Asks: 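What follows is a single structure, and I will ask about it in a moment.
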Amino acid sequence: MAHANPGAVIDVNDAAANLPPAAQVLGREWLGFDASGQALIRFKAQQSFTNRHGTIQGGFLAAMLDSATGICALASLTPELTAVAKSLDTRFLRPAAAGVITARAQVVERTDRDMVVQVDLVDAEGITVADATARLRFLARK
């Protein structure tokens with residue numbers, strides 16, 4: 001499952017090893033690409049992420065969606081580029097419980113300056129709890 005994406009030119013394993021603080025809070029773990037070319041990213045939704053209903057608060061799910069689209073985008077960029085989100089159109093489909101949540105992301109459109117990434121968040125029972133479409137802009141890495 002952790003085989004390399006044939007189009008990837010950046011070392012996502014290196015990016016995954018140097019997690020930014022927000023990704024650390026979310027418990028983000030890069031799993032690689034599946035046979036269909038979807039990027040797989042695991043998150044650990046903590047009990048401290050829950051709302052008054054006992055389910056994961058939507059802002060944490062949105063942060064997972066944003067994080068997954070970003071690392072998926074990085075997997076297809078050259079090392080001198082990075083990507084930032086211009087928009088994240090999010091849908092919350094089902095309540096999510098604390099525990100493992102897996103993102104399945106893929107690039108669906110790309111130009112010389114922008115990219116569109118779609119992502120689903122799936123809970124431990126295989127139920128899609130949220131999805132999003134992100135529009136990202138490429139920037140030179142500083």
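Quick caveat, the model's predicted, so the values are computed rather than measured. No hydrogens, no waters, no symmetry mates; every other heavy atom, side chains included, goes into these values.
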Asks: Would you give the length of the straight line joining atom CE of Met64 to atom CD1 of Ile41, rounded to the nearest 0.5 angstrom?
Replies: 12.0 Å
Asks: For the CG atom of Leu121 and the OG1 atom of Thr128, what is their distance to the nearest 0.5 Å?
Replies: 8.5 Å
Asks: I need the minimum non-hydrogen distance between Ala97 and Ala45, along with the two atoms involved.
Replies: O-CB, 4.3 Å
Asks: Of all heavy-atom pairs between Leu74 and Ala83, which one has the smallest distance, and what is that distance?
Replies: CD2-N, 4.3 Å
Asks: Kindly determine whether Trp30 and Ile71 satisfy side-chain contact (heavy atoms from CB on, under 4.5 Å), including the steps that lead there.
Replies: CA-CA 8 Å; Trp30 173 255; Ile71 195 78; 3.9 Å; yes
Asks: Are Val129 and Phe92 linked, directly or through other ILVMFWY residues, by side chains that come within less than 4.5 angstrom of each other?
Replies: yes
Asks: Output the distance between atom CE (Met115) and atom CG (Leu81), rounded to the nearest 0.5 Å.
Replies: 9.5 Å
Asks: Ignoring hydrogens and geometry beyond distance, is a side-chain donor-acceptor pair present between Ser67 and Arg28 at under 3.5 Å?
Replies: yes
Asks: Measure the CG-CD1 distance between Asp123 and Ile56 for me, rounded to the nearest 0.5 Å.
Replies: 10.5 Å
Asks: In Å and rounded to the nearest 0.5 Å, what is the CG to CG distance from Asp66 to Leu136?
Replies: 8.0 Å
Asks: Return the CG to CD distance between Asp120 and Gln106, rounded to the nearest 0.5 Å.
Replies: 8.5 Å
Asks: What closest approach, in Å, do Leu77 and Ala73 show between heavy atoms, and which atom pair accounts for it?
Replies: CG-O, 3.4 Å
Asks: List in chain and number order the residues that pass side-chain contact (heavy atoms from CB on, under 4.5 Å) with Arg137, two or more places apart in sequence or in another chain; answer none if no residue qualifies.
Replies: Val84, Lys86, Arg113, Asp114, Leu139
Asks: Taking atom types as modelled, is there a side-chain donor on Thr78 or Glu80 under 3.5 Å from an acceptor on the other?
Replies: yes
Asks: Considering only heavy atoms from C-beta outward, does the side chain of Val107 approach that of Glu109 to under 4.5 Å?
Replies: no
Asks: Give the minimum heavy-atom separation between Arg110 and Phe138, together with the two atoms involved.
Replies: NE-CZ, 3.7 Å
Asks: Taking all heavy atoms of Phe43 and all of Ala103, pick out the closest pair and write down the distance.
Replies: CE1-CB, 3.9 Å
Asks: Checking the side chain of Gln46 only, and the main-chain atoms of Ser48 only, is there a donor and an acceptor separated by less than 3.5 Å?
Replies: no
Asks: Under a 3.5 Å distance rule, please check whether Arg141 uses its side chain to pair with a backbone N or O of Pro79 as donor and acceptor.
Replies: yes
Asks: Salt-bridged, Arg135 to Asp89, with N to O below 4.0 Å?
Replies: yes
Asks: If every non-hydrogen atom of Ala132 is compared with every non-hydrogen atom of Leu88, which pair is closest and at what distance?
Replies: CB-CD1, 3.8 Å
Asks: Checking Leu93 against Asp131 for the side-chain contact (heavy atoms from CB on, under 4.5 Å) test, could you report, in this order, the C-alpha distance in whole Å, the side-chain angles of both residues, the deciding distance, and whether it holds?
Replies: CA-CA 8 Å; Leu93 305 171; Asp131 64 19; 3.8 Å; yes
